[in-house]
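One structure is given here, and the rest of the page talks about it.
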Amino acid sequence: METDKQDFFKRVHQVAKLIPEGRVTNYGAIAKYLGAAKSARIVGYAMNASHGDISIPAHRVVNRIGMLSGKHHFDGTNLMQQLLESEGVHVKDNQVQNFDEIYWDPTKEL
DNA sequence: TACCTGACGCCAA
DNA sequence: CTTGGCGCCAGGT
């Protein structure tokens, strides 16, 4: 059974739900937290799978430089940015402002 | 079944 | 300091 693979996705979803409002994290941090630091890409894939689940704030997950690399995958063109700003996260040019301040590291916070 | 692409990240030149 | 290439895993064609 490919339960192992699905389990990884499930873990990613779980961590994504733990992201506090107004905070953001990056794929690599989640991957590392799960023990697969080099599988940052898979985290993004998991986000794509979780895109249908509103309980998973995928918009709070950005790449290591704080850029909304995944905004292109949301319904609207700037839906991801809208959601972030709605939580108090300032975004400009697909880039999260004060990323260093609102950055949420699961390996540290958890 | 094999090859290619993809919401990333890090190292090397 | 900037740009390019490689590695990782999974899914689709």
Side-chain angles (χ1 to χ4, degrees):
Chain A
M1 294 253 211
E2 49 281 303
T3 316
D4 295 352
K5 299 175 185 177
Q6 294 187 350
D7 183 57
F8 185 84
F9 275 55
K10 193 173 182 180
R11 292 183 183 217
V12 175
H13 298 164
Q14 187 64 53
V15 177
K17 290 179 182 176
L18 296 174
I19 302 174
E21 185 178 294
R23 298 283 172 125
V24 292
T25 187
N26 59 9
Y27 306 94
I30 297 173
K32 180 180 283 187
Y33 175 72
L34 297 176
K38 298 172 184 174
S39 305
R41 277 187 129 149
I42 315 307
V43 176
Y45 244 61
M47 289 281 106
N48 191 15
S50 65
H51 186 263
D53 194 327
I54 62 170
S55 301
I56 302 175
H59 59 273
R60 289 181 191 157
V61 184
V62 296
N63 62 7
R64 75 178 186 85
I65 59 177
M67 190 161 120
L68 307 188
S69 45
K71 75 163 267 172
H72 207 75
H73 292 264
F74 280 74
D75 291 335
T77 24
N78 57 338
L79 176 61
M80 188 173 183
Q81 181 174 334
Q82 292 289 291
L83 291 169
L84 287 170
E85 292 195 335
S86 184
E87 295 181 359
V89 179
H90 296 275
V91 180
K92 185 174 184 176
D93 192 41
N94 301 339
Q95 199 174 273
V96 177
Q97 304 302 295
N98 32 317
F99 177 65
D100 181 55
E101 297 178 23
I102 64 177
Y103 179 63
W104 181 79
D105 191 337
T107 59
K108 289 183 176 181
E109 302 299 327
L110 303 180

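Residue numbers start from 1 in every chain, and the chains themselves are labelled A, B, ... in the order their sequence lines are given, proteins ahead of strands. Computed from heavy atoms alone, side chains included, the values below leave out hydrogens, waters and symmetry copies.
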Let me have the donor-acceptor pairs involving side chains of residues 30-48 of chain A, under 3.5 Å, with sequence neighbours excluded, atom names and distances please.
none

inquiry  = Considering every strand and a 4.0 Å limit on heavy-atom distances, what is the contact class for H72(A): base, sugar-phosphate, or nothing?
reply    =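 H72(A): no heavy atom of the nucleic acid under 4.0 Å.
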ask   = Contact class for A36(A) (heavy atom, under 4.0 Å): base, sugar-phosphate, or nothing?
value = nothing
task = Could you pull out the closest heavy-atom pair between V15(A) and P106(A), with the gap in Å?
result =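 That would be CG1-CB, 4.2 Å.
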Roughly, in whole Å, what's the span from [atom1] in [X] to [atom2] in [N]?
| X | N | atom1 | atom2 | result |
| --- | --- | --- | --- | --- |
| N48(A) | dC8(B) | CG | C1' | 14 Å |
| K10(A) | dC9(C) | NZ | C1' | 20 Å |
| M47(A) | dG11(C) | CE | P | 15 Å |
| F9(A) | dC8(C) | CZ | C1' | 13 Å |
| R11(A) | dC9(C) | CZ | P | 15 Å |
| N63(A) | dC8(B) | CG | P | 7 Å |
| I42(A) | dT5(B) | CD1 | P | 16 Å |
| H73(A) | dG11(C) | NE2 | P | 16 Å |

inquiry  = With a 4.0 Å limit, can you tell me whether S69(A) has a side-chain N or O closer than that to the phosphate oxygens OP1/OP2 of dC8(B)?
reply    = yes
remark   = One should read off an interatomic distance between T77(A) OG1 and K71(A) NZ, to the nearest 0.5 angstrom, of 6.0 Å
Distance between P atoms of dC6(C) and dC4(B) (Å, rounded) =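 Here dC6(C) and dC4(B) have their P atoms 14 Å from each other.
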task = Would you confirm whether N78(A), through its side chain, and Q81(A), through its main-chain N or O, come within 3.5 Å as a donor-acceptor pair?
result = no
key: R60(A) (side chain) donor-acceptor with I19(A) (main chain) under 3.5 angstrom   =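 Yes, the answer is positive, given that a donor and an acceptor are paired below the 3.5 Å cut-off.
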query = Choosing from dG9(B), dG7(C), dA7(B), which nucleotide comes nearest the side chain of R41(A)?
reply =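 Ranking dG9(B), dG7(C), dA7(B) by closest atom to the R41(A) side chain puts dG7(C) first.
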request  = State which of dT5(B), dC8(B), dA7(B) makes the closest approach to the side chain of Y45(A).
outcome  =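 For Y45(A), the side-chain atoms sit closest to dT5(B).
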